[in-house]
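As structure tokens, the structure follows; a few thoughts come after it.
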Amino acid sequence: MAETKREIERKYEADDSGLPDLTGVGPVAAVLDRGLTELDATYYDTPDQRLAAASITLRRRTGGADAGWHLKLPVAPDIRDEIRAPLADTLPAELAALVRSRVRGAELVPLVRLRTARTIRHLVDADGALLAEASIDAVTAERLTGAGGTAEWTEIELELADGGDPALLDRVEKRLVKAGVRPSAAPSKLARALARTGARRGPAAPAEPVTAGDHVLAYLRAQRDALVALDPAVRLDTPDAVHRMRVATRRARGTLRTFRSVLDRAATDPVAAELKWLAGELGVDRDQEVLADRLTTALDALPPALALGPVHDRLTAWARARRAGAHGHLTGVLDSPRHLALLNSLDALLADPPLRAAATRKPRKVLGKAVRKDLARLTTRVERALRLPPGEERDLALHEARKKAKRARYAAEAATPALGTPAAELTAAMKTLTTLLGDHQDSVMARKALRELAAVAHAAGESAFPYGVLYGREEARAAAAEAELPDRWRAAGARFPR
């Protein structure tokens, strides 16, 4: 069974002077010698080094207290999540799944072997509690592919203890720098090994966008990258990961649909259809999670005198039953040939984009026209909804308007680097509008769920009163959103020049 550890560490160049005395740095009361450990790690990657290009490391390591398979995923500067699995001859399935969005059908091969003689020091406070671990690593690197090659170096590694204060690293670094120790230019041992044993040629950075096509492709590329990068977080059930992947899916689909003057729809429509499928699959779990949170929050806000009967238990059981198996299903979707084919299709589209004549033109006119078209479609939807009386037909019309508002928002977002302030202001206005319409749609779905829950409770001989109270409150929230919509729409519609 794999386990995840948040790793906060920094690396430094080391010379013959070794580790300076760190006693008295902030809360460090003593520095304890923990001896020498021999580590032997083999790093794996695809032949074209897809993991290394994304600052991901996958290794099999022996020696030390945590021998086994380790997958390190970047989180932020100096921060990585390390997913550990027991030592085995072959890559554990749970780690293989976490790199599938990048590896896909490629083979994982031994890339570099690192043998490290690690001298360990524990930085402890006055009570003897561990604050951080400092180690002096004498490293021997051996390239296992191509013409091979070896390199040797010594570095200092400083890792914060679990739950430690990151400010300690800043204070220790000041002492290290004062002693002549320099921060490492390489973010990891693997990166340094690759550079020292034969420079890794990563993908060239995209040029600054110039044409309309450049801007559209840059935005689409960012969404493709988000889909790939969020895959492990979704599998690990990281909070908000499903929502963020769903948004990236919608942004990518919206881009293909909005900018049809730039990209040939004959080539992009099949990809857009698959993105719609993926968004739908992601939405099953996400929508249920949002609905359950909304109902739970509303129920918690009820005075105890109104929460009659086992309403809390029933709501909890309902939410659990509706979500049962949802995460496993979603993981199956991410592992499916259909999803991997979608990622390959996006790669192919970006590598050889089906550009139309407008793609070579200056972006202001081309992108501005596309944004205005989306805004016109939204205008039609909103005005139709406002003409309808309250009820189911208006609810459906407002839901359709919300979809068009999201598309207009993503179009403006994609155009902002080229169009500047007007597009940025429209993006913000559309975000506000979609929030209002989203709250209205959540109320529609909440009322539907409350009707179902009330019917089940009544059949079981329980009081349906609490569900009725919550239903009435949801009706009031929806009515307030509908009353606010005309003013919110007038403010939003005026944000972009016609």
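Counting begins at 1 with the first residue of the sequence.
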Under 3.5 Å side-chain donor-acceptor pair for Thr427 and Glu413: no
Six-ring centre of Trp69, Arg61 cation under 6.0 angstrom, axis tolerance 45°: no
Ionic contact status for Arg100 with Asp335, cut-off 4.0 Å: yes
Under-4.0 Å salt bridge between Arg80 and Glu7: yes
Electrostatic pair Lys189:Glu155 at N-O distance under 4.0 angstrom: yes
CZ-CG distance between Arg372 and Leu375, expressed to the nearest 0.5 angstrom: 9.5 Å
Distance-only check: which donor-acceptor pairs under 3.5 Å involve side-chain atoms of residues 396-404, not counting sequence neighbours?
| from | atom 1 | to | atom 2 | distance (Å) |
| --- | --- | --- | --- | --- |
| Glu400 | OE2 | Lys403 | NZ | 3.3 |

Side chain proximity check, Leu291 to Asp442, heavy atoms < 4.5 angstrom: no
Closest heavy-atom pair and its distance - Pro209, Asp214: CA-CB, 3.5 Å
Side chains of Leu111 and Gln49 in contact at under 4.5 Å (non-hydrogen atoms): yes
Salt-bridge contact Asp78-Lys11 (side-chain N to carboxylate O under 4.0 Å): no
Glu13/Arg192 ion pair, N-O < 4.0 Å: yes
Distance in Å, Asp240 CG paired with Met245 CE, rounded so as to fall on 0.5 Å steps: 12.5 Å
Heavy-atom side-chain proximity of Leu190 to Asp45 below 4.5 angstrom: no
His329 side chain reached by Glu281 side chain, heavy atoms, under 4.5 Å: yes
Steps toward side chain to side chain contact (heavy atoms under 4.5 Å, CB included) verdict (Asp231, His339): CA-CA 11 Å; Asp231 184 286; His339 176 247; 4.0 Å; yes
Lys/Arg-Asp/Glu bridge criterion (N-O < 4.0 Å) met for Arg246, Asp287: yes
Between Arg59 and His70, a side-chain donor and acceptor under 3.5 Å: yes
Evaluation steps, side chain to side chain contact (heavy atoms under 4.5 Å, CB included), between His215 and Tyr219: CA-CA 6 Å; His215 282 274; Tyr219 188 75; over 6 Å; no
Short N-O contact, Arg50 and Asp48, less than 4.0 angstrom: yes
Pair Lys5 + Glu82: basic N to acidic O under 4.0 Å: no
Pairwise side-chain hydrogen bond (donor to acceptor under 3.5 Å, both in side chains) hits with a residue in residues 344-361, at least two apart: Arg104-Asn344, Arg104-Asp347, Arg224-Asp347
Atom pair CH2 (Trp277) and OG (Ser336), whose distance is rounded to the nearest 0.5 Å: 4.0 Å
Check ion pair Arg10-Glu159 (N to O, under 4.0 angstrom): no
Distance in Å, Leu158 CG paired with Leu169 CG, rounded so as to fall on 0.5 Å steps: 5.0 Å
